[in-house]
*Asks:* 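After the structure tokens below, expect a handful of questions from me.
In this text the structure is predicted, and so the values were computed from the model without any measurement.
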Amino acid sequence: MSRNAPPVAARSAIALAGFPVVAGLQLAAVLLLLWAVLSVLPSAVALRAGVPLSIATVGALGYGTWRALHTRRRTPAGVAVTRRQAPKLWELIDGAAAAAGVRPPDGVTVVADATAALGERTRVLGLIGGRRDLYLGLPLLQALAPARLRAVVAHELAHGSPKLGRWAPLAYRGRVAVGRMAPRLSRRNPAGAVLRAYARFYRRMDAPFSRAQELAADRIAADHAGVADAVAALRDLPALAGMQRLFHAEYVGPGWQAGYVPDDVFGGLLRVLAARSVEMSMLRATEPAPSGPWDTHPPLAERVAALTPEPSPAASDTAPPSDAAPAPEEPPAEEAAAEEKPAEPDEELVPDLPALGRALQAVAFPPRGRTVVSWDECLSFARTTEMEREAEAALAAISRASDAAVPDAAHLLTLVADGRLRAAAGAVFPDTSPEEITARIVDLLGLMLALAALRGGVARWRHSWTGAAEVVAVDGANLNLAELAAAAADPETAEAVRTYLTENGFDLAARADQRAAARARVLGGLVNLSADGTRTDLLITDLGLLLVPGLPRGRGVEAKRRLTRIAADGVPAGAEPPAKPDSDQEVRRFVPFADVAGVTVLPGRRKGWVLGLRDGGNLSLRPALDADELPGGWAAWDEAVTFLAGTR
């Protein structure tokens, strides 16, 4: 790309400057229309109607425009690393900045996600620059070789490189700012329709520059760190992000929801990366999906091909004749580049990386009332809590169908011996074949027997960083609970199984353990609803709905921040109040899905819903005019309504 205002970068910068112009023209058009309307009215009427009409049109549009263009940049939670604390890391960053032709960032912050990003505190949609901070994910420092990390940092810094053209830094800042602003344009914003349309136009204008810029940044990274390491880094980043998502879903998340936090989160991630090398290799070979419509990265295969030189035609002309001895096979360009570079000694970029991980955990994963335990305890408590939730839901359904309380395995075996469990299961699953009913009964009994073994101390969890955990005997031997469950499902042998289990230490009458306050998993949130006529905010969890008293109109931003904080703190299963409740905690209401008998959708422009409760009451919900959502809130609500309407 030329340094003299290349067309693509200049065109992108000019399109960016069009945002305030379009916003101003929209305001001017509304003001002109208002003046035209007032000018034809009698003077007395115009004087009386002028102020309210101005507030309702120009005032609302101006406020909406300000909210749209005034983007807030969220700062990721992390730990700042100074030059004195990590001189080798800063030396690597300085070298990457020199290669990109930019000044080094003003600060470096280590964050929890497997990512690297250069954040800039811009104003006016990026037209005015500001402080630049480099955000480096701790997983990158843990897993990437220094050469690959050098390529990652060089690529990020090269986004704002003047080597891509004098307009490139401005165009890049603008694209980041607009990409942050456009998805947040609410459809209820009076200025939103025009600005959304212009954002689509801007994206089309910016697309050629964005693509060229990403490829140019890749080339700068390859020139600085080497082609092989740059290509390897391109494959490593999405693979690391995928492994981190798996790690959180399978290991951290269940314990977090159960009320526990492992004492070394990032140490656990290292164990998963070491144990699941096959999955990492598969992820490296997979084309990552675009992260959204504003993702400007070309496909991975295209980026790799742009960095890998193709064989020249001259090479094919000088090929040896067919009867000549075959020449030794040349290694791929990536491998050749790696062999030509001397091996780098291991560098301690950040002294005492485990200590940095613990400091980052305190910021990124604050316990917020959860209990900090070892990894083995955390995984054990998490799996047991998951089983207890599943058992609780199943026993509640059986209790309703049999008109009798069934709180534990002992009562369940009594139902089997009396022949009532099959009838109750048939009532819960009316359209199920007898064979499937038997299979469901055996599954439920297997679940209850596993819990009875764990609660009785005759079994424990055996965990694996490569697969699912399993319940084994205390000495590590296998427990054949499937055969016991099948025998317990037969009314003729149920009592004999009970006797055997009791003699061998199974605690059939034990209830759920209350070692920690389990949290419901938050799926989404809605701000500013009407619940039975009262202004209310709502969190949708996997166990039910948490209703939080709403804030007055005009405090929507504060309401969203508050609901986000409540979701981060966790919703206790059963909605027990925390040790230090907020001022509104005593009037929060948790509605478990198990207490909802059905849902009715109310027609109208503003759709509403009536939840029928099992105690005979109702809960009416409607969105207010200024209703808003946390990310994914309406989608989570639609899924909850579908679930409640289809399974009651």
Side-chain angles (χ1 to χ4, degrees), residues 254 258 379-464 467-515 518 594 647:
L379 295 174
S380 296
F381 295 157
R383 304 308 177 203
T384 301
T385 301
E386 287 179 342
M387 292 174 65
E388 287 173 345
R389 286 188 182 182
E390 186 179 347
E392 182 181 1
L395 293 180
I398 294 295
S399 298
R400 289 195 297 269
S402 61
D403 292 326
V406 186
D408 50 40
H411 286 75
L412 196 64
L413 288 174
T414 300
L415 283 186
V416 174
D418 294 346
R420 290 182 290 160
L421 182 57
R422 175 170 289 276
V428 175
F429 305 104
D431 300 325
T432 305
S433 65
E435 293 79 11
E436 193 170 345
I437 289 289
T438 300
R440 289 180 180 270
I441 290 174
V442 171
D443 288 344
L444 175 58
L445 286 168
L447 173 65
M448 296 305 299
L449 295 186
L451 285 172
L454 291 167
R455 294 165 181 168
V458 299
R460 63 177 177 84
W461 285 101
R462 181 163 62 197
H463 303 286
S464 170
E470 57 179 336
V471 177
V472 298
V474 173
D475 60 1
N478 289 328
L479 281 177
N480 198 347
L481 296 177
E483 287 187 7
L484 287 173
D490 187 347
E492 295 183 359
T493 57
E495 288 302 328
V497 172
R498 184 202 300 269
T499 302
Y500 172 82
L501 295 173
T502 303
E503 290 175 351
N504 284 273
F506 286 69
D507 193 347
L508 300 176
R511 305 294 173 87
D513 198 343
Q514 299 298 325
R515 283 172 300 214
T647 61

*Asks:* Test: side-chain hydrogen bond (donor to acceptor under 3.5 Å, both in side chains). Region: residues 416-427. Which pairs qualify, not counting sequence neighbours?
*Replies:* Asp418-Arg420, Arg422-Thr438
*Asks:* May I ask you to test the Val471-Arg383 pair for a side-chain heavy-atom distance under 4.5 Å?
*Replies:* no
*Asks:* For the residue pair Asp431 and Glu436, establish whether any side-chain heavy-atom pair is separated by less than 4.5 Å.
*Replies:* no
*Asks:* With rounding to the nearest 0.5 angstrom, report the CE to CG distance, Met387 to Leu447.
*Replies:* 5.0 Å
*Asks:* Mind checking the CG-CG spacing from Leu454 to Leu449? Nearest 0.5 Å is all I need.
*Replies:* 11.0 Å
*Asks:* Which heavy atom in Ala469 sits nearest to a heavy atom in Trp461, and how many Å separate them?
*Replies:* CB-CE3, 3.8 Å
*Asks:* Looking only at heavy atoms, which two atoms of Leu444 and Ile398 are closest? And how far apart?
*Replies:* CD2-CG1, 4.3 Å
*Asks:* What's the spacing between Leu479 CG and Arg460 CZ if we round to 0.5 Å?
*Replies:* 10.0 Å
*Asks:* For a quick test of reading the model, state the closest non-hydrogen atom pair linking Ala488 to Leu413 and the distance between them.
*Replies:* CB-CD2, 3.8 Å
*Asks:* Keeping to residues at least two apart or across chains, list the salt bridge (Lys or Arg N to Asp or Glu O under 4.0 Å) pairs with something in residues 475-487.
*Replies:* none
*Asks:* Mind listing the closest non-hydrogen atom pair of Leu508 and Ala452 along with its distance?
*Replies:* CD2-CB, 3.9 Å
*Asks:* Can Leu445 and Leu412 be said to form a side chain to side chain contact (heavy atoms under 4.5 Å, CB included), step by step?
*Replies:* CA-CA 8 Å; Leu445 286 168; Leu412 196 64; 3.6 Å; yes
*Asks:* Please list all pairs passing the salt bridge (Lys or Arg N to Asp or Glu O under 4.0 Å) test where one or both residues lie in residues 493-509, with sequence neighbours left out.
*Replies:* Glu495-Arg498
*Asks:* Between Glu392 and Arg389, does the salt bridge (Lys or Arg N to Asp or Glu O under 4.0 Å) criterion hold? Intermediate values first, please.
*Replies:* CA-CA 5 Å; Glu392 182 181 1; Arg389 286 188 182 182; over 6 Å; no
*Asks:* Determine the minimum heavy-atom distance between Ala459 and Val474, stating which atoms define it.
*Replies:* N-CG2, 3.7 Å
*Asks:* Hey, are the side chains of His411 and Asp408 touching, using non-hydrogen atoms and a 4.5 Å cut-off?
*Replies:* yes
*Asks:* For Asp443 and Gly446, indicate whether the former's side chain and the latter's backbone hold a donor-acceptor pair under 3.5 Å.
*Replies:* no
*Asks:* For a quick test of reading the model, state the closest non-hydrogen atom pair linking Ala477 to Val472 and the distance between them.
*Replies:* O-CB, 3.4 Å
*Asks:* Any side-chain to backbone donor/acceptor pair from Ser402 onto Ala424? Under 3.5 Å, distance only.
*Replies:* no
